[in-house]
Number of protein chains: 2
Amino acid sequence: MSQDGIDLETSVGYLLKEASAALRAAMEDVLRPLGMTVTHYSCLELLAQRPGLSGAELARGAFVTRQSMHVLLQALERDGFVTRPAEPAVGKALPARLTAEGRRRLDAASAAVRGVEVRMLAGMDAADQEHALRCLRSMVGSLRDQRASEDR
Amino acid sequence: MSQDGIDLETSVGYLLKEASAALRAAMEDVLRPLGMTVTHYSCLELLAQRPGLSGAELARGAFVTRQSMHVLLQALERDGFVTRPAEPAVGKALPARLTAEGRRRLDAASAAVRGVEVRMLAGMDAADQEHALRCLRSMVGSLRDQRASEDR
DNA sequence: TCCAGTGTGTCAGAATCCTGACATGAGTCA
DNA sequence: TGACTCATGTCAGGATTCTGACACACTGGA
């Protein structure tokens, strides 16, 4: 078998993907009864914490392209969960904001997602969680540096 | 702002998604010059470590549906990287195996991906990595238990 | 023996997301 | 002022993935 390759059982990268997939599946399970998708929820949650974000900024925060966020925002606006000015006040960016209805929908979804996260962290004490946060931030930072150094 | 919602800066779930997205982007960057996609690579790596896996098993290991893995396997077989018997020896499962050419392709890709993982873990010592592995395994386990208890 | 349950391969259609491209507005610098 | 770069919104097309469905094969219990 020529011991090269990456051992899946001890690969941080594989575990990372596995955990992310499991989290996404669990979120889909609790969001489906609410008629929401994960990207749906991510967009609303971002807007709640940082009102006035533009479509491109929301896309970066939700890890999708701005084209995908564009169609999502159109749907959210059509359904009355989000409002955007008809014309940009400055530049081209259209700052989006939650409507009262959007906030209501988000509150239900947010509670469900928080439940998922709590259950995900069961079995880990506060020190473990703090350490996990530091490790994840370190990984993100290292990957970003590496990517930037390849000028792209 | 009514302090509900999930603080994105301190949410393990958000960081998890961010790290996973960054890892995937970095892998795409190094695999693109080799003419491979991440799912492509995942399938080959899985087969190298566990020869004879069926399409459904590969799908679970690569976190896609078995329908998606089905079309991927057709392409890999057409390109001569993977072989499968024309008829199942037992049951319906068709055990897949890497060809010599597939193994060659994988070796190059595997080295590139290992480089990404090494750079991702830069700044973390052995103890940190071991701790991160335990945390990730704990999260996966908790999420799976929760999902199983809802019988689906 | 029969039969329900589970796992697998496969086909067809739909939904989702991305790549490519274009035009516009703002900032920078010579 | 004008050229250049960068970020944004938007449209069109294509690629990828998923959902739904069907048929078949093994297993275990009634």
Side-chain angles (χ1 to χ4, degrees), chain A residues 17 20-21 24-25 27-29 31-33 35-43 46-47 50 52-79 82-97 148 151-152, chain B residues 17 20-21 24-25 27-29 31-33 35-43 46-47 50 52-79 82-97 148 151-152:
Chain A
K17 189 170 179 178
S20 182
R24 184 179 187 89
M27 286 176 67
E28 283 171 351
D29 284 346
L31 288 176
R32 194 174 307 117
M36 289 181 67
T37 179
V38 174
T39 314
H40 231 83
Y41 159 76
S42 300
C43 179
L46 280 167
L47 277 180
R50 308 213 248 281
L53 247 45
S54 70
E57 289 168 326
L58 285 169
R60 281 192 292 271
F63 312 109
V64 296
T65 61
R66 59 184 203 275
Q67 291 89 333
S68 296
M69 184 54 70
H70 177 62
V71 306
L72 175 60
L73 278 174
Q74 284 181 327
L76 289 175
E77 212 171 352
R78 169 176 49 78
D79 296 342
V82 162
T83 54
R84 278 192 301 174
E87 292 177 2
V90 57
K92 289 198 71 179
L94 293 173
R97 291 180 183 282
D151 52 293
R152 189 233 176 288
Chain B
K17 188 171 180 179
S20 183
R24 184 179 187 89
M27 286 176 67
E28 284 172 350
D29 284 346
L31 289 176
R32 193 174 308 117
M36 289 181 65
T37 179
V38 174
T39 314
H40 231 83
Y41 159 75
S42 301
C43 179
L46 245 16
L47 277 180
R50 307 213 248 281
L53 246 47
S54 71
E57 289 168 325
L58 285 169
R60 282 192 292 272
F63 312 109
V64 296
T65 62
R66 60 184 202 274
Q67 291 88 334
S68 296
M69 185 53 70
H70 177 61
V71 306
L72 175 60
L73 278 175
Q74 284 181 326
L76 289 175
E77 212 170 353
R78 170 176 50 78
D79 296 342
V82 162
T83 53
R84 279 192 299 176
E87 292 177 1
V90 57
K92 289 199 72 178
L94 293 173
R97 290 181 183 280
D151 54 295
R152 199 287 178 235

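Just so it is clear, the structure is predicted and the values come from calculations on it, not from any experiment.
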With heavy atoms of chain B within less than 4.0 Å as the criterion, where does contact along DNA chain C begin and end? dG7(C) to dC11(C)

Listed partners of P85(B) passing side chain to side chain contact (heavy atoms under 4.5 Å, CB included), at least two apart: L94(B), P95(B)

Does the protein touch nucleotides 10-22 of chain D at the base, only the backbone, or not at all? Give it as B, S and - per nucleotide, heavy atoms under 4.0 Å. BB-----SBBBB-

Applying salt bridge (charged side-chain N to carboxylate O under 4.0 Å, His left out) as the test, list every pair that has at least one member in residues 57-70 of chain A; sequence neighbours left out. none

List in chain and number order the residues that pass side chain to side chain donor-acceptor pair (under 3.5 Å) with S68(B), two or more places apart in sequence or in another chain; answer none if no residue qualifies. T65(B)

With a 4.5 Å cut-off on side-chain heavy atoms, are K17(B) and V38(A) touching? yes

Shortest non-hydrogen pair, C43(B) vs L73(B), comes out as SG-CD2, 4.1 Å

Which pairs, protein N/O on one side and nucleotides 24-29 of chain D N/O on the other, fall under 3.5 Å?
| residue | atom | partner | partner atom | Å |
| --- | --- | --- | --- | --- |
| dC26(D) | OP1 | G91(B) | N | 3.1 |

Quick one: bend of the helix from dT1(C)-dA30(D) to dA30(C)-dT1(D) from 5 pairs per end, to 10°? 30°

Any pair counted as salt bridge (charged side-chain N to carboxylate O under 4.0 Å, His left out), so long as it reaches residues 67-78 of chain B, sequence neighbours left out: E77(B)-R84(B)

With rounding to the nearest 0.5 angstrom, report the CE to CG distance, M69(B) to L46(B). 7.0 Å

By side chain to side chain contact (heavy atoms under 4.5 Å, CB included) - contacts of H40(B) (at least two apart): M36(B), T37(B), L72(B), L76(B)

